[in-house]
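Okay, structure first, notes after.
The chain is numbered in sequence order, starting from 1.
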Amino acid sequence: MFSFRILQSDPNSSARAGVISTSRGEIETPVFMPVGTAGTVKAVPHEFLERLEVPIILGNTYHLYLRPGTDIIGEFGGLHNFISWPKPILTDSGGFQVFSHQKLRKLNEDGVRFQSHLDGSSHFISPEKSIEIQEILGSDIIMAFDECTPYPVTKSEAEASMRLSVRWAARSREAWKNREDQALFGIIQGGMYTDLRKQCIEQIEELGLPGTALGGFSVGEPKEIMYEILQDLSGYLPGEKPHYLMGVGTPADIVQSVLRGIDMFDCVLPTRNARNGMLFTWKGPVRIKNAKHSRDDSPLDPDCGCPVCRRFSRAYLRHLFISGEILSYTLNSLHNLYFYSDLMKKIREHIRAGTFENFSENFLESYREAN
């Protein structure tokens with residue numbers, strides 16, 4: 001059974017600390033969900049995720065549908081058994097992935113026909129099909145099928161896209177059968193037009209879904225626009241439900257968004273950037289390939305307690321990355337996920353202690369985008 005309760009609200013912002021309860025465990029919020037697109041958080045063993053006490057991971061409906069396929073996952077009794085992950089899983093609807101392959105898709109009222117990026121084969125996903133796939137996956141939180149509005153678009157284009165997403169959300173709700181074990185979130189679209197977003201919230205709220213997601217951000221818009229819209233919506237979102245900002249973002253994005261009432265985040269940045277040699281620290285990201293680290297015997301981040309920082313030097317991490325060693329992917333990913341986990345833990349602690357305003361100001365002042 002799914003529920004959400006708020007434990008503490010910040011008196012100086014819209015930040016709040018809460019708990020999501022599912023049949024597979026509780027999730028303290030604000031929470032960052034590592035992305036396990038194909039049933040694995042890339043380069044990271046499950047044991048490390050467990051040591052980090054990661055409470056929930058994200059899987060991708062589009063990718064798991066194409067490979068290994070719902071027939072195989074269904075034979076294992078669902079995604080949890082297939083990947084040996086007993087804690088909660090959230091799956092997205094596949095809408096964003098179809099959006100990102102625009103040259104291979106044809107969209108109409110019924111749904112989207114697209115070509116697989118793997119072999120070019122033709123497939124069709126509708127709201128009903130997306131829910132069917134997610135029910136087979138057995139994820140604890142599922143998403144309504146939507147169209148991700150690109151940026152930039154005209155207001156009329158954004159409105160047409162938003163209204164299509166609302167109609168698809170209603171069909172997703174109608175197809176949603178496993179209401180005991182799976183919580184369906186609606187997705188708010190509307191591009192960068194606050195009035196359209198508010199209209200979307202009103203119409204999605206009429207469906208009575210247990211959670212609210214904000215989609216269509218981090219698609220190329222300036223961050224100031226995202227922050228402004230989140231601020232405008234902070235008092236408009238349903239206060240008794242969790243607010244999930246999809247696909248965002250950097251550590252600074254997360255702190256800024258928590259200030260504006262966001263409870264849930266996911267993003268590929270910690271692991272993707274790790275594989276590209278960008279490592280997060282409390283002073284900002286470090287590009288480990290830079291030559292200035294070649295003889296640096298100091299830890300990556302002296303303020304970090306992760307196993308990587310406690311044992312290895314910047315020089316060694318640079319050597320592994322420049323040499324193309326597979327271990328580089330693992331160590332870098334472990335560190336970045338530890339950093340994100342630690343950041344969320346500190347955010348929750350400061351909200352509960354009533355000191356989040358000072359923490360956020362100090363963090364945003366000291367965090368720099370490149371080192």
Side-chain angles (χ1 to χ4, degrees), residues 35-42 57-76 78-79 82-83 89-139 142-154 157-158 160-172 174-176 184-187 189-191 213 215-221 246-248 266-269 271-272 275-276:
V35 176
T37 301
T40 172
V41 179
K42 284 184 170 56
I57 61 173
L58 182 143
N60 185 268
T61 294
Y62 167 90
H63 288 282
L64 292 166
Y65 161 74
L66 291 179
R67 185 172 60 190
T70 51
D71 54 342
I72 291 177
I73 295 175
E75 289 176 10
F76 280 79
L79 188 59
F82 183 65
I83 69 173
I89 296 175
L90 180 149
T91 47
D92 60 13
S93 68
F96 178 79
Q97 284 67 39
V98 173
F99 156 81
S100 64
H101 295 96
Q102 288 193 40
K103 293 182 179 179
L104 304 177
R105 74 169 193 170
K106 293 183 179 179
L107 180 148
N108 58 37
E109 185 70 31
D110 292 335
V112 181
R113 182 162 297 281
F114 63 95
Q115 287 180 272
S116 165
H117 69 287
L118 299 174
D119 58 13
S121 57
S122 179
H123 300 268
F124 179 78
I125 292 185
S126 63
E128 295 79 9
K129 182 65 175 179
S130 174
I131 298 299
E132 176 190 332
I133 294 169
Q134 293 182 83
E135 287 183 340
I136 294 172
L137 296 176
S139 35
I142 64 177
M143 308 304 295
F145 194 60
D146 68 321
E147 188 198 14
C148 182
T149 308
Y151 175 86
V153 292
T154 65
E157 291 170 330
S161 177
M162 179 271 284
R163 296 195 182 283
L164 178 61
S165 288
V166 170
R167 294 194 296 273
W168 282 358
R171 287 168 55 188
S172 296
E174 185 67 23
W176 173 41
L184 175 63
F185 282 26
I187 302 178
Q189 294 288 355
F217 286 109
S218 197
V219 291
E221 79 280 2
M246 305 178 73
V248 178
D266 82 277
C267 191
V268 298
L269 278 182
T271 49
R272 177 179 290 173
R275 299 192 302 277
N276 292 326

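Nearest heavy atom pair, residue Phe124 against residue Arg113, reads CB-NH2, 3.5 Å. In plain terms, the two heavy atoms of Gln134 and Thr61 that are nearest each other are CG-OG1, 3.3 Å. The two atoms that bring Ser139 and Leu90 nearest to each other are CB-C, 4.5 Å, heavy atoms only. Closest non-hydrogen pair, Gly216 versus Cys148, comes out as CA-SG, 3.9 Å. A pairwise comparison of heavy atoms in Met246 and Asp266 identifies CA-OD1, 3.7 Å as the closest pair. Of all the heavy atoms in Ser172 and Pro127, the pair that sits closest is OG-CB, 3.6 Å.
Residues that satisfy the ring-ring contact (aromatic ring centres under 6.0 Å, His included) test with Phe76, not counting sequence neighbours, are Phe82. Checked against side chain to side chain contact (heavy atoms under 4.5 Å, CB included), Val268 has the following partners two or more places apart in sequence or in another chain: Val35, Arg272. Residues passing the ring-ring contact (aromatic ring centres under 6.0 Å, His included) test with Phe217, sequence neighbours excluded: none. Residues meeting the side chain to side chain donor-acceptor pair (under 3.5 Å) test with Arg167, sequence neighbours left out: Glu109. Taking Thr271 as the reference, nothing meets the side chain to side chain donor-acceptor pair (under 3.5 Å) condition, with sequence neighbours excluded.
With Thr70 contributing its side chain and Ile133 its backbone, the two residues share no donor-acceptor pair below 3.5 Å.
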Trace of the side-chain contact (heavy atoms from CB on, under 4.5 Å) decision for Leu184 with Ile131: CA-CA 9 Å; Leu184 175 63; Ile131 298 299; 4.0 Å; yes
Kindly determine whether Thr149 and Met162 satisfy side-chain contact (heavy atoms from CB on, under 4.5 Å), including the steps that lead there. CA-CA 8 Å; Thr149 308; Met162 179 271 284; 5.6 Å; no
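Note that the CG atom of Asp146 and the OG atom of Ser93 stand 4.5 Å from one another [nearest 0.5 Å]. Here the CD1 atom belonging to Ile142 is positioned 10.0 Å from the CG atom belonging to Leu137, to the nearest 0.5 angstrom. Residue Lys42 holds its NZ atom at 7.5 Å from OG1 of Thr40, rounded to the nearest 0.5 Å. Remark: Ile72 CD1 to Arg67 CZ distance equals 11.5 Å, nearest 0.5 Å. Atom OH of Tyr65 sits about 10.0 Å away from atom CD1 of Ile136, to the nearest 0.5 Å. Rounding to the nearest 0.5 Å places NE2 of His117 at 6.5 Å from CG of Leu66.
Side-chain contact check for Ile125 versus Val112: every heavy-atom pair is 4.5 Å or farther apart. Put simply, the side chain of Asp110 does not reach to within 4.5 Å of the side chain of Ser126, judged on heavy atoms. In this structure, the side chains of Val219 and Glu221 come closer than 4.5 Å at one or more pairs of heavy atoms.
Checked by atom type, the side-chain pair Ser161/Glu157 shows no donor-acceptor distance below 3.5 Å.
Aromatic rings from Tyr62 and His123 are positioned such that their centres are separated by 6.0 Å or more.
Among residues at least two apart or in separate chains, salt bridge (charged side-chain N to carboxylate O under 4.0 Å, His left out) pairs with a member in residues 120-134 are Glu128-Arg171, Lys129-Glu132.
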